[in-house]
Amino acid sequence: MSEEFDFLAASDKPALLAFSTPEWLEAAKTALEELGYKVHTAATHGDFVVRFSQFRYQVVIVEELFAANTMEENTTLQTLQNMPMSQRRHATVILFGPSFQTFTPMQAFQQSVNAVISSSELFLLPQLIEKAVAEKVAFYHNFYEAQAKVFSTAEH
């Protein structure tokens, strides 16, 4: 079945990958599939924007040089950085590449992502993705609880 017509069920855990390096893309896809995610890949920035606007992805991993020669040219990363938090809060956004030291909070903050992962730790990717998702869920737990209370109060 073509990924273009790949439907998501309510029980699916969707993930979106934006990689230019084929080996890293395959490793990330395999890691996410092992963790039970239904993986979509973006071939271009335009493809990424369309996919991201259509689904509420739980995990998004962007290679630092996706469709770019420098991180400053990475239009996908710039789009995520400039997107209002309300449009991307549902996703654990991970930036992947050799410029980062894995799970350095200041680097993640500087790039407006939930976590950074060094490409040198590719062999640990499943565990690192799990850790990034768990940390994001723990960080937003109180926010999600308060949001649920507000919505349930508004319905009555």
Side-chain angles (χ1 to χ4, degrees), residues 1-71 73-105 107-109 111-141 143-144:
M1 177 187 227
S2 170
E3 191 175 87
E4 199 173 320
F5 298 108
D6 193 11
F7 297 103
L8 290 174
S11 60
D12 287 338
K13 294 174 17 179
L16 180 59
L17 299 176
F19 280 80
S20 293
T21 307
E23 306 83 47
W24 293 350
L25 172 63
E26 281 309 308
K29 189 173 183 181
T30 299
L32 285 162
E33 287 171 347
E34 284 175 12
L35 296 170
Y37 288 90
K38 192 166 197 174
V39 181
H40 291 170
T41 58
T44 65
H45 169 66
D47 188 26
F48 178 88
V49 170
V50 167
R51 288 179 180 278
F52 192 83
S53 67
Q54 289 177 341
F55 298 110
R56 290 178 60 85
Y57 288 99
Q58 291 181 13
V59 175
V60 174
I61 306 177
V62 178
E63 181 181 344
E64 69 179 73
L65 298 182
F66 174 62
N69 293 315
T70 65
M71 211 166 11
E73 292 176 8
N74 186 335
T75 311
T76 299
L77 178 59
Q78 290 173 7
T79 298
L80 285 168
Q81 290 170 335
N82 293 320
M83 190 177 288
M85 184 54 80
S86 60
Q87 290 180 344
R88 65 184 181 114
R89 187 178 286 124
H90 57 84
T92 300
V93 179
I94 300 169
L95 190 55
F96 183 88
S99 299
F100 306 110
Q101 190 170 16
T102 298
F103 289 113
T104 304
Q107 286 182 320
F109 177 75
Q111 299 300 325
S112 297
V113 297
N114 297 101
V116 292
I117 296 178
S118 172
S119 55
S120 67
E121 300 196 59
L122 189 63
F123 67 100
L124 290 172
L125 203 50
Q127 297 93 320
L128 298 174
I129 293 168
E130 273 188 315
K131 180 177 171 29
V133 170
E135 286 182 358
K136 187 242 179 198
V137 167
F139 182 78
Y140 279 105
H141 176 75
F143 171 81
Y144 291 137

Using a 4.5 Å cut-off on heavy atoms from C-beta on, say whether the side chain of Ile117 contacts that of Leu124.
no

Would you sort out whether Met71 and Leu95 count as a side chain to side chain contact (heavy atoms under 4.5 Å, CB included), showing the intermediate values?
CA-CA 11 Å; Met71 211 166 11; Leu95 190 55; 4.1 Å; yes

Work out which heavy atom in Arg51 is nearest to a heavy atom in Thr41; give both atom names and the distance.
NE-O, 3.2 Å

Ala67 to Ser20 - nearest heavy-atom pair and separation:
N-OG, 2.7 Å

Residue pairs passing the salt bridge (charged side-chain N to carboxylate O under 4.0 Å, His left out) test with at least one member in residues 11-24, sequence neighbours excluded, are Asp12-Lys38

Any chance you could measure Ile129, atom CD1, to Glu34, atom CD, to the nearest 0.5 Å?
9.0 Å

List in chain and number order the residues that pass side-chain hydrogen bond (donor to acceptor under 3.5 Å, both in side chains) with Thr30, two or more places apart in sequence or in another chain; answer none if no residue qualifies.
none

Minimal heavy-atom distance between Thr70 and Leu65, with the atoms involved, is C-CD2, 3.4 Å

Rounded to the nearest 0.5 Å, what separation is found between the CD atom of Gln107 and the CD atom of Gln111?
8.0 Å

All ring-ring contact (aromatic ring centres under 6.0 Å, His included) counterparts of Phe52, not counting sequence neighbours
Phe48, His90

Atom of Val59, atom of Val133 and distance for their closest heavy-atom approach:
CG2-CG2, 3.6 Å

Tell me, please, which residues at least two apart from Tyr57 pass ring-ring contact (aromatic ring centres under 6.0 Å, His included).
His40, Phe55

For Glu135, what residues pass the salt bridge (Lys or Arg N to Asp or Glu O under 4.0 Å) criterion, not counting sequence neighbours?
Lys131

So which heavy atom on Ala15 is nearest to which on Leu32, and how close?
CB-CD1, 3.8 Å

Tell me the ring-ring contact (aromatic ring centres under 6.0 Å, His included) pairs involving residues 11-35, sequence neighbours left out?
Phe19-Phe96, Trp24-Phe96

For Thr102 and Ser118 the tightest heavy-atom approach is OG1-N, 2.9 Å

